[in-house]
**Q** 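So that we are looking at the same thing, I have put the structure below in structure tokens.
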Amino acid sequence: MQLQEWLRSLCSHAGLKGSEAEELWSLLPSLSTSSLLGLGALASLTVYWLLTRPQPVRPPCDLQAQSVAVGGDPSCRRSALLKDDNLLEFYYDDIRTVYEMFQRGLRISGDGPCLGYRKPGQPYEWISYSEVAQQAQWMGSGMIAKGCQQFVGVYSPNRPEWVISEMACYTYSMALVPLYDTLGTEAMVHILNLAEMSLVVCDREERAALLLECKEKGMTPKVSCLVLFNDFSQAFGERAKKCEVDVLYREFLFCCAGHGNNFLFIYPGKPKGAMITHGNIASNTSSVIKILEVCLHFHLLDVSISYLPLAHMFERMIQVLTMYCYGARVGFFQGDVSLLMDDIKTLKPTLFPVVPRILNRIYDKILGSVTSPLQGALLHYAVGRKQAELCRGIVRNNSLWDKLVFKKIQASLGGNLRFALTASAPISCTVLSFLRATMGCMICEGYGQTECTGGCTFSLIGDSSTGHVGAPLPCAMVKVVDIPDMNYFAKNGEGEICIRGPSVFKGYLKDPERTAEALDSDGWLHTGDVGQWLPNGTLRIIDRKKHIFKLCQGEYVAPEKIENVYMRSVPVLQVFVHGDSLQSYVVGIVVPDREVFVEWAKERAFVGSYQELCHNPDVKNAVLEDMRAVGKEAGLKSFEQVKELYLHPEMFSIANGLLTPTLKSRRADIRRVFQEQLANIEIKMAE
């Protein structure tokens, strides 16, 4: 009976009907017992295969038409997930503020774990949703008691108290103003005075001392209260008392509670306050939820790792706010990037917000672990097989190749990853495609900036293609406009990227001039980035309007595009491309990758320590040759290729002021620090 049912099913799948099926039935009585047993075994194996074969991910829309022209204008587009040109503001009608998002997480979590932290060598400890809500209420009431009315500063690296301070602000209708080390004293003073802040929350005495010094010098007259997460010395308390500043260790009076709809703002780049409303955040979060709802449902067991700066919208939007909305967990790293991988192994996150620099390091480390031609051949064959599955929409971590080749890689990231999102800078197509195969999880790429609440485009689940940043989010219309000087025209689907919708900010605080530069009269945010619409409705970032410079022969150069190409050179960890209108060429400052540089040089008959190799002119020329080969392969024009470079042994970092908190190059500071080396290169080139 089971055999007959299997044969009927097989005939149906094969398209056999009528006489063809009858002919197959007529064979059954003539078969021997052993043949029937064989067919029965085959039937069982077929059923098992049908039940266990990997199922492709169902994308939320046609991947060949991911966006729709608005008003018949192909240069202006919106998400294909929308039924019409009305943009998405709220996914849940009862969630319109960050406060309400967190309250939803509190309800559905059943008072589950919310914020996690760990001590060296120890497992994660967790603070529950109800504890976070209670501590936020106590802290917020204390802020009100100390006279806070609107703006509260937070000057601290990522830790649970940062989020508790944020929720305290929202509970009592106050706005959060993140501060961070790389702003510098002058910018910090400007922000404190611009927002007229009286209270700043700090993690420890050393940071509070910087603020107190500004108060002592009369630079921040409004600051009257510092709140510390960690204990402080008696001497510091007495010093603060002399300049009439209260210092408290999270000890607040209780007052009545409430919540509101006020805005918060982030300070991107130069000191200007981008005013971000709760409505901005709700629309952006809602759009991410809508894109992922088809095949990636967030739930209580999800956990993410918090290590990217909370002072920037990428970390807070994609990870923290989305996770809290679903009652999920967020574990914080120990504050030391060198311990990040250990934190990830211990936490076992399911969600991984990441920037290209870190993905590049993972990629380089995987390739650097290959010790023989056979191992390399097996790795690349396995990657090819997994990439073939990705092209069919199959995303998994339990294939034969995962078990044989990629298990160790996935275990190094905790072994539980379901989803990773990369943003803040372009990522190489080669790296993205490779890691989608090896990490065994969905990896999407997004694009945006602070002024549009973090994101405006997002690649879709199920789309394995690379070389683009996805289609517009449901909360945003995106268009390209002409840049005649750079020969980009909207009629060709190319131009400066502009954004409009409920996720676009309200302007810069008390700065109408800069607001007018960013927002035009029709409400379009001008990003300064150059994009190109692709046939499938996705956006590709092709250039940068903000940091371009012109060479003496009239050619425009986008240094960040060139840097992203050179990052694929094996010995290169970091690179800075420089040029000006007085020269016909570009040059570079290169930081070699310490983990592979010595071995790479040894393969080319150069011997020495890392420092010695950096000062060896022959090694420098070998690096230059490798970079130029990579550049040629990537299609760089001759004037875009670096003509000379300087090898620097110390990494650009947040600590030395050469990277922003989102790990982007601080271009003006790098030029200043290396002005002597750049001048020497110029002299050499003139000889």
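When reading the values below, keep in mind they use all heavy atoms of this one structure, side chains included, and skip hydrogens, waters and symmetry mates. FYI, the numbering just counts along the sequence from 1.
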**Q** Using a strict cut-off of less than 4.0 Å between a Lys/Arg side-chain nitrogen and an Asp/Glu carboxylate oxygen, indicate whether D520 and R500 qualify as a salt bridge.
**A**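 Answer for the salt bridge query: no.
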**Q** Would a line drawn from the ring center of Y447 to the ring center of F458 be shorter than 6.0 Å?
**A**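 No - the distance between ring centres of Y447 and F458 does not fall below the 6.0 Å cut-off.
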**Q** Grab the two heavy atoms, one from N397 and one from Q410, that are nearest each other, plus how far apart they are.
**A** CB-OE1, 3.6 Å
**Q** Would you name the heavy atoms of S156 and D203 that are closest together and state the gap between them?
**A**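 Reported closest heavy-atom pair: OG-CB, 3.3 Å.
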**Q** Please report the C-alpha distance between C114 and I127 in whole Å, then the side-chain angles of each, then the deciding distance to 0.1 Å, and finally whether the side-chain contact (heavy atoms from CB on, under 4.5 Å) criterion is met.
**A** CA-CA 6 Å; C114 178; I127 306 171; 5.7 Å; no
**Q** Could you check whether D246 pairs with K146 (Lys NZ or Arg NE/NH1/NH2 to Asp/Glu carboxylate O, under 4.0 Å)?
**A** yes
**Q** Who passes side chain to side chain contact (heavy atoms under 4.5 Å, CB included) against E445, sequence neighbours left out?
**A**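 Counting only residues at least two positions away or on another chain, E445 forms a side chain to side chain contact (heavy atoms under 4.5 Å, CB included) with T422, I427, L432, S459, V469.
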**Q** Test side-chain contact (heavy atoms from CB on, under 4.5 Å) on F419 and C441; report intermediate values, then the result.
**A** CA-CA 6 Å; F419 176 69; C441 68; 6.0 Å; no
**Q** For K510, is there an ion pair with E196 - N to carboxylate O distance below 4.0 angstrom?
**A**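 Yes, E196 and K510 are salt-bridged.
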**Q** Would you give the length of the straight line joining atom OH of Y324 to atom OG of S109, rounded to the nearest 0.5 angstrom?
**A**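 The distance works out to 12.0 Å.
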**Q** Is D94 paired with R104 through a side-chain N to carboxylate O contact shorter than 4.0 Å?
**A**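 Salt bridge: no.
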**Q** How many angstroms lie between CE in M101 and CD1 in I281, if you round to the nearest 0.5 Å?
**A**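 The CD1 atom of I281 is 6.5 Å from CE of M101, to the nearest 0.5 Å.
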**Q** Decide yes or no on side-chain contact (heavy atoms from CB on, under 4.5 Å) for D85 and M477, but give the supporting numbers first.
**A** CA-CA 9 Å; D85 291 346; M477 285 185 185; 4.0 Å; yes
**Q** Using a strict 4.0 Å threshold on nitrogen-to-oxygen distance, state whether E166 and R316 make a salt bridge.
**A**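 A salt bridge links E166 with R316.
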**Q** Under the side chain to side chain contact (heavy atoms under 4.5 Å, CB included) rule, collect the residues that match up with A208, sequence neighbours excluded.
**A** C202, L226, L228, F236
**Q** For the pair H278 and Y170, name the ring-plane relationship: parallel under 30°, tilted 30 to 60°, perpendicular over 60°.
**A** perpendicular
